[in-house]
Chemist: 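Quick one: structure below, then a few questions.
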Amino acid sequence: MSDATLPKGYEPADVEARWGKHWEDNQTFRADPQAVLEGGREPYSIVIPPPNVTGALHMGHALNLTLQDILCRFMRQQGKSVLWVPGTDHAGIATQNVVERQLKKEGKKRDDLGREKFIERVWEWKKEYGDRILNQIRRMGASVDWTAERFTLDEGLSKAVREVFVRLYGEGLIYKGNYIVNWCNRCHTALADDEVEHAPRKGKLYQIRYPLADGSGELVVATTRPETMLGDVAVAVHPEDPRYAQAVGKMVTLPLVGKEIPVIADAYVDMEFGTGALKITPAHDMNDWALARTHNLPVIAVIDDKGLMNENAPSAYQGLSKSACRDKVVEDLTALGLLADIAEHDHSVGECYRCKSVIEPHVSEQWFVKVAPLAKAAREAVPGQTRIVPAQWEKTYFEWLDNIRDWCISRQIWWGHRIPAWTCQACGELIVQTEDPADLKTGCPKCGGELAQEDDVLDTWFSSALWPFSTLGWPEDTDKLKAFYPTSVLVTGFDILFFWVARMMMMGIHFEKQVPFRDVYIHALVRDEQGKKMSKSTGNVIDPLEMIAKYGTDSLRFTLTAFAAMGRDIKLSEKRIEGYRHFVNKIWNSARFALMNMPEDGGAPGVSLEDACVSAPLANRWILHRLEELKDEVESATLEYRFNDIAQSLYRFIWNEFCDWFVEMAKGDLYGEDAAARDATRRVLLTVLSETMVLLHPVMPFVTQEIWSVLPGVADKELALQPYPERRPQLKSSQAARDMAFFQGVVGATRTIRTELTIDPAKKLSLIIDTADAAPGAQAVLTDNVHLIRQLARIDGADMGPGRTGPRASGTAVVEGSRIFVPLKGVVDFGAEVARLDKELGKLDKQLTALRGKLSAPGFANNAPADIVAAENEKLAGLEDAKAKLAALQERLKSALDEEA
RNA sequence: GGGCGGAUAGCUCAGCUGGCAGAGCAUCGGCCUUACAAGCCGGAGGUCACAGGUUCGAGCCCUGUUCCGCCUACCA
């Protein structure tokens, strides 16, 4: 048995380090597929949303991990076989950027190293820094199975990626083509639609004159990007626009370029906007691209993939950057008198979600996934096979899937899964296969010629989309996959509902014929105190690691849990975390108290709970009753993802009930001479504390484990593997609840009188209670617990029974029909009591007025359910009784005052 | 433009299927009462955004309005 005392203050750093290591060394959370496949145990599995290897733990991760951990630890208690898969994602663009920056410091570029050397270099970086975020996950206390850890670029997952690519290609769901895509000049790669973020920017709207070639006038077009005019191929107007009806079909002369381009009509054009004439630049605008296709217009790119004007621009502009070219174009147009207007114009501009530079639509050869068929299945699976919680997100999910466009999956970078496609240098044959031809030592199957692999790699999200089954060993049919797929729930923020969740749904359904998860729980975003998104540039980031260092992991976890109400963002401030550290301290000290009051020999109390419950005192009956209710509350709240309710129920129970009332009431028995009573109360104290530790453990794993490990009579020190506390329905007692409420009312009323009349706390008062009108059993509650009333209300003498009356000069109150008297003569100037009673009477009046109004309202008695009517009438009677008694007591007091005067 | 969410105590937020408006923090008053001053006891503080409607009864359901967030979209 370990030393059954605890240090005075809780030291989170030491405790967390110790138990964290213990869990990992002992592989406490290692999942066992055989327990499911052969043992018949129910599986429960979660795959972690893999953070970027380049990432550092932020509050969003902290919340995400906390909620998943609560679920996993709770499900273990429920007897499930739990697998929580940790891992990271290779974050193609982000990681490549990091290493490129590193190279830059050495004065090198990636091209200086070449593809192979560069990738080696990234792996080196990954080896050195890639574990950072994983170690931070450890500090959160996450009960993941570290033996199951995966990385999107590791061998198994790479195999899965190739398998998926090849199969989709074979099914015609992946194709290659020349299309306009979102292009980031800085990252030098294509991006998917949803990797482009739109941000409002202040810009200008330029109006440019395009003279009609026949000299019959001009069209004025409006544009925010004048430099693109060099690539214009047409001007479009609305077919029903009378202003331009005669111009349709004519040619205009493109200024600065000098060539003639047609005026076309298309209903896409908004007559209201600008001049109603739209210049068409198919190579540099998504919409223009679409128009050009319907009208069979040529595509002329004038900007290259680095953002510089290319050889298709007039020589005067070639080689200029976009912005330099814009300046020159504006200057030249002005000189020619062709610039009709410049106006301020706010519009939204696409930015790269990784580097925030402006996205340039760019025509290039790319690979795409044809998503429509996949999206259809993903849509139909909700809510039948996969439930989105809270359900309000279903709409967002549907909306996106309904409007989805083909997914550009090729990226012009090096770090990632290289596309498994080879082109024959001799005959141009395209080969897509899982095996590397080089490994197979084969050439072109058609002509035997030399094969060259695609340079591009796949979008990181392509591999992330496979995460729920690739991490379980797919495409092999592993035991893990059999036991744990589909996963039980995916816990994530709504910000990657599209990027990731929808795509996992598509891939999971397509390749495993089953949805990847039963539930998707969408949690809040963590924001700062003002409700702003935390970001490094704003400087409003609260660093979870710093908070852990200062307040401990449990405080942080509890705070996040307490604020994780469904469907609402969390506004977090350091003060809240600090506040909940007080709660951790409270728990710690209540455990210290309990341990100080256990048998001296370090063993458990010598009485069973069953025996302790025989003729148990009020405090014991009541707290055991409440403990049973708590088990129900915590269980249902967890099963329904009501995380804030878990926190609230536990907080209230531990602090306001267990500590404030039970412990105080137990002291009498614990310190008393009656050995039987002492042992019984010790047993109850230990039972409640230890079961509470189990209930609290999923939220606060460290402090509960530390306390658990020193509790007397605990055979298994591994709290994480304890079953959920057994139910003892026979201990539920509404009578105990009622008795306790009465007891608390009496103590509370007495305390209020004392404090309100500013009576010295050290001054002992006497107490007289008239129980003539009390509920059955109330007298016994008082008689049996008079010693506790003395102690808690700081009372000296007590006289309680039907018909008792105190002196007129008493502080008075009415509790559930019983009259309370606190004699004040010689204690305090009791004039203040008259005023206090006025206030109390006022409160009663207010309630009475409202209640009488309700009861007398026409139709209430007839229409309301009988039990409600009865309850309301009973309430009215109680209030009327209290008011009458209190008013009479006040009169007595006044007469006493008059006599004195 | 479309969609979603929010408005409840000074602050941050709970309030499940309609039935006495709650908590934490802050605040005020009093306490070093032998687990805890990171604590204990007590008090004060609300026209539940606004206007209608349904109902015996609305913070909750319905309609409209205002003000805030957020997501999404191809008005150049």
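By convention in this document, chain letters (A, B, ...) are assigned in the order of the sequence lines, proteins followed by strands, and residues within each chain are numbered from 1. In this text, all values refer to a predicted model and were calculated from it rather than measured experimentally.
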Chemist: Roughly how far, to the nearest 0.5 Å, is the CH2 atom of Trp393(A) from the CG atom of Leu497(A)?
Modeler: 7.5 Å

Chemist: Which value, rounded to the nearest 0.5 Å, describes the distance between Ile646(A) atom CD1 and Glu633(A) atom CD?
Modeler: 11.5 Å

Chemist: Starting from C1' on rG15(B), measure out to CZ on Arg642(A) and report it in whole angstrom.
Modeler: 12 Å

Chemist: For the pair made of NZ in Lys586(A) and P in rC36(B), what is the distance, rounded to whole Å?
Modeler: 10 Å

Chemist: Return the value, rounded to whole Å, for the distance between atom CG of Asn597(A) and atom C1' of rU34(B).
Modeler: 11 Å

Chemist: In whole angstrom, what separates Ile496(A)'s CD1 from rU72(B)'s P?
Modeler: 13 Å

Chemist: Distances under 3.5 Å between protein N/O atoms and the N/O atoms of nucleotides 73-76 of chain B, please, pair by pair.
Modeler:
residue : atom : partner   : partner atom : Å
rC74(B) : O4'  : Asn287(A) : OD1          : 3.0
rC74(B) : O4'  : Asn287(A) : ND2          : 3.3
rC74(B) : O2'  : Tyr268(A) : OH           : 3.4
rC74(B) : O2'  : Asn287(A) : ND2          : 2.9
rC74(B) : N1   : Asn287(A) : OD1          : 3.1
rC74(B) : O2   : Tyr268(A) : OH           : 3.1
rC75(B) : O2   : Asp270(A) : OD2          : 2.1
rA76(B) : O2'  : Ala222(A) : O            : 3.0
rA76(B) : N6   : Asp270(A) : O            : 2.7
rA76(B) : N6   : Phe273(A) : O            : 3.0
rA76(B) : N1   : Asp270(A) : N            : 3.2

Chemist: Ignoring the backbone of Arg581(A), work out which of rA35(B), rA38(B), rA14(B) is nearest its side chain.
Modeler: rA38(B)

Chemist: Using whole Å, what does the distance between atom P of nucleotide rC32(B) and atom CG of Asn589(A) come to?
Modeler: 20 Å

Chemist: Kindly compute the distance separating CG (Leu851(A)) from NZ (Lys875(A)), expressed to the nearest 0.5 Å.
Modeler: 5.5 Å

Chemist: Is a side-chain donor-acceptor pair under 3.5 Å present for Tyr353(A) with Glu195(A)?
Modeler: yes

Chemist: Find the distance Tyr10(A):OH to rG39(B):C1' and express it as a whole number of Å.
Modeler: 19 Å

Chemist: With sequence neighbours left out, write down each residue that passes side chain to side chain contact (heavy atoms under 4.5 Å, CB included) with Gln648(A), or none if nothing qualifies.
Modeler: Asp645(A), Arg652(A)

Chemist: If the condition is salt bridge (Lys or Arg N to Asp or Glu O under 4.0 Å), which residues does Arg836(A) pass it with, not counting sequence neighbours?
Modeler: Glu833(A)

Chemist: Among pairs that include at least one residue of residues 746-760 of chain A, which meet side chain to side chain donor-acceptor pair (under 3.5 Å), considering only residues two or more places apart or in two chains?
Modeler: Glu756(A)-Lys839(A)

Chemist: Quick check: does any side chain N or O of Asn873(A) sit under 3.5 Å from a backbone N or O of Val869(A), one acting as donor and the other as acceptor?
Modeler: yes

Chemist: For the P atoms, the ones on rA49(B) and on rA44(B), what distance do you get once it is rounded to whole angstrom?
Modeler: 24 Å

Chemist: Once side-chain hydrogen bond (donor to acceptor under 3.5 Å, both in side chains) is applied, do any residues pair with Asn863(A), and if so which ones, sequence neighbours excluded?
Modeler: none

Chemist: Measure all distances between protein nitrogen or oxygen atoms and nitrogen or oxygen atoms of nucleotides 1-4 of chain B, and list the pairs falling under 3.5 Å.
Modeler:
residue : atom : partner   : partner atom : Å
rC4(B)  : OP1  : Lys395(A) : NZ           : 2.6

Chemist: Whole-Å distance between rA38(B) C1' and Lys8(A) NZ?
Modeler: 11 Å

Chemist: Which nucleotides of nucleotides 22-28 of chain B have their base under 4.0 Å from a protein heavy atom (B), which only their sugar-phosphate (S), and which neither (-), written as one string 5' to 3'?
Modeler: --S----

Chemist: Counting only N and O atoms by type, is there a donor-acceptor contact under 3.5 Å from the side chain of Asp554(A) to the main-chain atoms of Val703(A)?
Modeler: yes

Chemist: List RNA chain B stems (3 or more consecutive Watson-Crick/G-U pairs, under 3.5 Å)?
Modeler: B:1-7 with B:66-72, B:10-13 with B:22-25, B:27-31 with B:39-43, B:49-53 with B:61-65

Chemist: State plainly whether the residues Glu600(A) and Arg682(A) are in salt-bridge range, i.e. N to O under 4.0 Å.
Modeler: yes

Chemist: Can you classify the ring geometry of Tyr641(A) versus Phe643(A) as parallel (below 30°), tilted (30 to 60°) or perpendicular (above 60°)?
Modeler: tilted

Chemist: Hey, does Thr275(A) have a side-chain heavy atom less than 4.5 Å from the side chain of Tyr244(A)?
Modeler: yes

Chemist: Between rU8(B) and rC60(B), how far apart are the two C1' atoms, rounded to whole Å?
Modeler: 12 Å

Chemist: Looking for any heavy atom pair under 4.0 Å, which part of the strands does Val663(A) touch: base, sugar-phosphate only, or nothing?
Modeler: base

Chemist: Looking only at atom types and distance, does a side-chain atom of His295(A) sit under 3.5 Å from a main-chain N or O of Ile264(A), one as donor and one as acceptor?
Modeler: no

Chemist: Is Arg576(A) reaching over with its side chain to a backbone N or O of Thr559(A), donor-acceptor style, under 3.5 angstrom?
Modeler: no

Chemist: I'd like a table of atom pairs between the protein and nucleotides 18-20 of chain B - only N or O on both sides, under 3.5 Å - with the distance next to each one.
Modeler:
none

Chemist: Between the protein and nucleotides 41-46 of chain B, list the N/O to N/O atom pairs that are separated by less than 3.5 angstrom.
Modeler:
residue : atom : partner   : partner atom : Å
rC41(B) : O3'  : Arg751(A) : NH1          : 3.4
rG42(B) : O3'  : Thr752(A) : OG1          : 3.3

Chemist: Counting only pairs under 3.5 Å, give me each side-chain donor-acceptor contact of residues 276-283 of chain A, with atom names and distances, residues two or more places apart or in other chains.
Modeler:
residue   : atom : partner   : partner atom : Å
Lys279(A) : NZ   : Thr228(A) : OG1          : 2.8
Lys279(A) : NZ   : Asp232(A) : OD1          : 2.8
Lys279(A) : NZ   : Thr281(A) : OG1          : 2.9
Thr281(A) : OG1  : Asp232(A) : OD1          : 2.6

Chemist: Could I get the full list of salt bridge (Lys or Arg N to Asp or Glu O under 4.0 Å) partners for Glu227(A), not counting sequence neighbours?
Modeler: Arg225(A), Arg326(A)

